[in-house]
Amino acid sequence: MNKKKLMVIDGNSILNRAFYGLQGPNLLATSDGLYTNAVYGFINIMNKYIEEENPQYICVAFDLKAPTFRHKQFDGYKANRKGMPDELRVQVPVIKEVLDAMRIKRLEMEGYEADDILGSISLCAQQKGMEVIIITGDRDALQLADKDIRIKIPKTKGGKTETEEYNLETIHGKYKIEPVQFIDVKALMGDTSDNIPGVPGIGEKTALDLIQNYGTIENLYENVDNITKKALKEKLITYKEQAFMSKELARIERNMPFLCNIDELARVEFDKPRLYELFKRLEFKSFIEKFGLKDSQNQESFKVNIKRIKDKQGILELKNEIFEEKEMSFYYLIDKVDKFTNKLSGISISAKEGNSYYLAFNEDYNEKEFLEEFKSIFEDSDIKKYGHDLKNFIVYLKNRGIELNGIAFDTMIGAYIINPSRDTYTISELANDYLGLSVKSVEEMAGKGRNFMPFDAMDEEELKNVAGLYPEVIFKCKNKIEEKLGENDQIKLYYEIELPLVEVLADMEYYGFKVNVNELMSISRQLDEKIQELTVKIYELAGEEFNINSTKQLGVILFEKLELPVIKKTKTGYSTDAEVLEELADKHEIIPKILEYRQLIKLKSTYIDGLMSVINPVTGKIHSSFNQTVTVTGRISSTEPNLQNIPIKLEMGRNIRKAFVSSDENYRLVDADYSQIELRVLAHITGDVNMIEAFNKNEDIHASTASKVFGVPINEVTPLLRSKAKAVNFGIVYGIGDFSLSKDLGITRKEARAYIDGYLEKYANVKKYMHDIVVQGKEFGFVTTLFGRRRYLPELKSSNFNIRSFGERIAMNTPIQGSAADIIKIAMVKVYKELKARKLKSRLILQVHDELIIEAHVSEVEEVTTILKESMENAVKLSVPLSVEVKSGSNWYETK
DNA sequence: TCTAACACGC
DNA sequence: GACGTACGTGTTAGAA
């Protein structure tokens, strides 16, 4: 007959394990700013073992009040012991909630630790003939191992969780002692991780030997005089008290007055609706899936009538409905696999909630016919359009000669404004977050990589049933998001900056940036030649051929074969990054060659080959994607290719910019740059009179900083002092600490600290701001930019110094970087509108954080220059002037 | 298919 | 004295 199984979980141990990163991500926070990483890890670990063992009985033991309470009697010892971190304390009530919703019994007893409780209950269950599995993070529990009691201890190895399992046999096998004696071994050797002191100088081997010979510490000390090794004997005597104390600390109370009614621990169904609500609140989407909570009752309220349109008749019906309602929400199906294909496979449209139409363009109805029919709707600015990720659809329409007017809401952008820290903003996530609905995701249906399935290949009925729901979700999410934007005071940010920007970015993508392929090829040939030369030279100096691109192989050559000093190590071996190589530069001839090789190979692979592969064969241009929902600070990012990191600092790389040209001889490039926008924003936000004055006088700000910090008249600032001040300014703007600054300037950390302190002393309001913003961030849980963009900062509440410091730097930096991002976005919208209003041929083609590039018709260069300067400098009124420098040229190299 | 190491921009 | 350091993207090597 099978024995009944009881699983006892040591809540405190597992909680600690989960928190310190055994499972789950290190920093997990909900959009409300609540830390949930330990909660997540806890559930994950617990569930793993439940699945593995499938016990009929289960309970979790806690000693939540004070993890150290039994140690109070040992004053000196307790003083060293750290208490439970604040984040853990915050998470404990949440874990309790989860357990209650899972209907798993929690055991807590006044005056006893979790260890004691699980010890008692294990022995109790064993007497009743049950099999017991103890899940714990602590080897103390080994003293409980028995033929009917197994101990499982999760361990991390290379990021993966493995389990150590012990029972009577394995402990005999491994330690050749009785499980109960384990505690004596531990008491002797101590355990630094658990702050159990033991006897210094006694390791595992000695402790095991002693206990095998003497059985217990008590017996050992009765016979301590017979020990022949003098040093050992002395150590034992000196630390006798500590040894006994350690035994007491690690001992599990096996005879406590605690008789639990085991029947109460029988597993029952989860409280599914409650668990669902809880996981939704905590944003544990994968758990909702894992625990099969998808079909909760919320689902019922979501009913949509999805009609499939198969002919012109249906289209006309839908059109009428849209003209009547004057609004529509829609979701387009364009495969995200090849940016040049750009084919519409289907679209679902709704003019009023509850009703949606789905069109597939394979056989039913022709894509072209649909566009002809719908052109009038798309271009009608009186019909409000609600969609999700509209930018790509606008580009699609532009490519077919259709404009999208009446853009009234984009749910993806809205969700980003509410919380910019998320990784993705899919419809199904939004449905879950804002509506509590679980809707299948088309992204998942499509899969990734080799499993990718284009929309045309999917099951039609299924696709209809999924995509058909989306317009409804968009309608509903729009209302929720709008409400939230209102609460957060972000209506202006959304409607006046972000939403209009969608069209601007679409336009930039549509026009693209012309490249001169011949120029690229010519640079490519030069690079090839030099790379070849360097390769030969490097092989010669190394005395053998190897893959220079492999850091692993390079490390062996440099640090083993050539025996150069190791400066720095990485997780996996020797570090060979530029910083290390520069330090070794005069130690061996090979080093400068490698540095140069690295530089050239980067240019070749990323910028020559990389750019060549993304030139659109039809337009001969590069059409980068500009992403509006990626960065946490509000900046725009650029991908496929990234046009925001084209080289400029070194001449060799800068040449790449010669290949970026205007479309033809009728056009020129006009490039406008904000000068020191972040520092100006800083001056404005802090209201620092010194800095404001410097900008108002149009001083060289770095020289001015140098003059203040180093106490010399501004006309006596040397280039060296200026560059130091520049690095400090840079550090302030980017929120780096003394550590990074010391590296940048090649000085000690102390000196760097002194520079920063000196700076803050001279700019008193900056200092005040830096302090206040952190306090404010902590109080509200987020910081904001000048235009109300938010970033949540749960890190500020961390008790971990590093995480908290990180949060503090972000709190200081985000309002500055983010406000600068707001400003250039405002300028972009202004410029775009102005070009459109004046019906100019010129157009915006690129943004690089503080720089805008317009491809201007030769007849319009002057006008465009004025528009750029005016729009950018007057984008917003600050307490310091914004200054913009404009240059033009026939290629990007010339405009700098 | 994924991660680590590296390097480019603001 | 912690112990790792703004925001991004892309390429290559190498392990699973």
Side-chain angles (χ1 to χ4, degrees), chain A residues 26 82 158-160 420-421 447-452 546-555 568-581 594-595 597-611 613-614 624-627 630-650 652-654 656-657 673-674 676-678 730-744 749 752 791 795 798-818 820-821 824 846-851:
Chain A
N26 268 338
K82 285 182 187 164
K160 279 198 171 169
S421 301
K448 280 189 285 195
R450 57 194 290 182
N451 299 320
F452 175 78
F546 66 101
N547 185 347
I548 310 171
N549 294 327
S550 162
T551 49
K552 204 176 160 195
Q553 293 182 36
L554 180 63
K568 187 163 72 169
K569 290 209 139 203
T570 66
K571 225 185 266 187
T572 53
Y574 309 111
S575 170
T576 64
D577 65 16
E579 202 187 307
V580 169
L581 295 183
I594 289 166
L595 276 166
Y597 175 91
R598 279 253 177 92
Q599 192 198 344
L600 300 185
I601 208 85
K602 170 79 177 175
L603 293 178
K604 172 86 167 95
S605 61
T606 303
Y607 297 107
I608 303 292
D609 300 346
L611 287 174
S613 69
V614 287
S624 175
S625 294
F626 297 102
N627 314 302
V630 172
T631 73
V632 279
T633 52
R635 280 183 169 187
I636 288 163
S637 88
S638 155
T639 49
E640 268 191 294
N642 180 355
L643 289 185
Q644 295 178 324
N645 72 343
I646 303 298
I648 188 163
K649 285 176 186 153
L650 298 168
M652 193 64 209
R654 194 173 188 151
I656 306 263
R657 294 184 175 226
D673 245 76
Y674 273 115
Q676 305 300 346
I677 186 162
E678 270 118 349
F730 180 87
I732 297 287
V733 164
Y734 286 128
I736 62 175
D738 49 8
F739 186 89
S740 305
L741 183 63
S742 70
K743 275 196 169 170
D744 283 355
R749 208 169 146 178
R791 178 167 179 187
E795 293 91 342
S798 175
S799 66
N800 176 314
F801 174 85
N802 297 309
I803 295 175
R804 197 175 58 246
S805 307
F806 174 68
E808 288 169 357
R809 289 199 299 274
I810 295 175
M812 301 175 200
N813 161 256
T814 298
I816 301 168
Q817 195 180 117
I824 195 159
L846 184 62
Q847 186 252 45
V848 190
H849 307 312
D850 61 358
E851 169 187 3

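Proteins get letters first, then strands, A, B, ... in listed order; numbering begins at 1 in each. Values in this document were obtained by computation on a predicted structure and should not be read as measured data.
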If I compare all heavy atoms of A/Glu678 with all of A/Val733, which pair ends up nearest, and what's the gap? CB-CG1, 3.4 Å

Kindly list each side-chain donor-acceptor pair under 3.5 angstrom involving residues 600-608 of chain A, sequence neighbours excluded, with atom names and distances?
residue  : atom : partner  : partner atom : Å
A/Lys604 : NZ   : A/Asp609 : OD1          : 3.0
A/Lys604 : NZ   : A/Asp609 : OD2          : 3.4
A/Ser605 : OG   : A/Ile601 : O            : 2.9
A/Tyr607 : OH   : A/Asn645 : O            : 2.6
A/Tyr607 : OH   : A/Asn645 : ND2          : 3.3

Rounded to the Å, how far apart are A/Leu554 CG and B/dA7 P? 10 Å

Which nucleotide, C/dC7, B/dC6, B/dC8, lies nearest any side-chain atom of A/Thr551? B/dC6

Would you please name every residue forming a side chain to side chain donor-acceptor pair (under 3.5 Å) with A/Arg791, sequence neighbours left out? A/Thr814

Test item: A/Thr631 side-chain N/O and A/Gly634 main-chain N/O as donor-acceptor pair under 3.5 Å: yes

Holding to ring pair (Phe, Tyr, Trp, His ring centres under 6.0 Å), I want the full list of residues that pass it with A/Tyr597, two or more places apart in sequence or in another chain. none

Closest non-hydrogen contact found for A/His849 with A/Gln847 is N-OE1, 2.9 Å

Quick one: side-chain contact (heavy atoms from CB on, under 4.5 Å) partners of A/Phe546, sequence neighbours excluded? A/Ile538, A/Tyr539, A/Ala542, A/Ile548, A/Gln553, A/Leu554, A/Ile557

Nucleotide nearest A/Arg809 when distance is taken to its side chain, options C/dC7, B/dC8, C/dG4: C/dG4

Winner on side-chain proximity to A/His849, out of B/dG9, B/dC8, C/dG14, is B/dG9

With the side chain of A/Arg598 defined as its heavy atoms from C-beta on, choose the nearest nucleotide among B/dC10, C/dC7, B/dC6. B/dC6

How would you label the contact of A/Glu678 with the nucleic acid (heavy atoms, under 4.0 Å): base, sugar-phosphate, or nothing? nothing

With distance as the sole test, does A/Ser638 use its side chain to make a donor-acceptor pair with the main-chain N or O of A/Leu643 at under 3.5 Å? yes

All N/O contacts under 3.5 Å from nucleotides 10-12 of chain C to the protein, with atom names and distances to one decimal?
residue : atom : partner  : partner atom : Å
C/dG10  : OP1  : A/Glu640 : N            : 2.7

If you look at every strand shown and take non-hydrogen atoms under 4.0 Å, does A/Val733 touch a base, only sugar-phosphate, or nothing? nothing

Base, sugar-phosphate or nothing for A/Glu851? Non-hydrogen atoms, less than 4.0 Å. nothing

Of the options B/dC10, B/dC8, C/dC7, whose atoms approach the side-chain atoms of A/Asp850 most closely? B/dC10

Rounding to the closest angstrom, what is the interatomic distance between C/dG4 and B/dA4 at atom P? 14 Å

For A/Ser624 and A/Glu640, indicate whether the former's side chain and the latter's backbone hold a donor-acceptor pair under 3.5 Å. no

Using both pair distances under 3.5 Å as the test, note the stems of at least 3 consecutive Watson-Crick or G-U pairs that include DNA chain C. B:1-9 with C:7-15

When the distance from CG of A/Leu643 to P of C/dG8 is rounded to whole Å, what number comes out? 18 Å

Could you check whether A/Arg791 gets within reach of a base, just the sugar-phosphate, or nothing at all, counting any heavy atom under 4.0 Å? sugar-phosphate

Contact class for A/Leu603 (heavy atom, under 4.0 Å): base, sugar-phosphate, or nothing? nothing

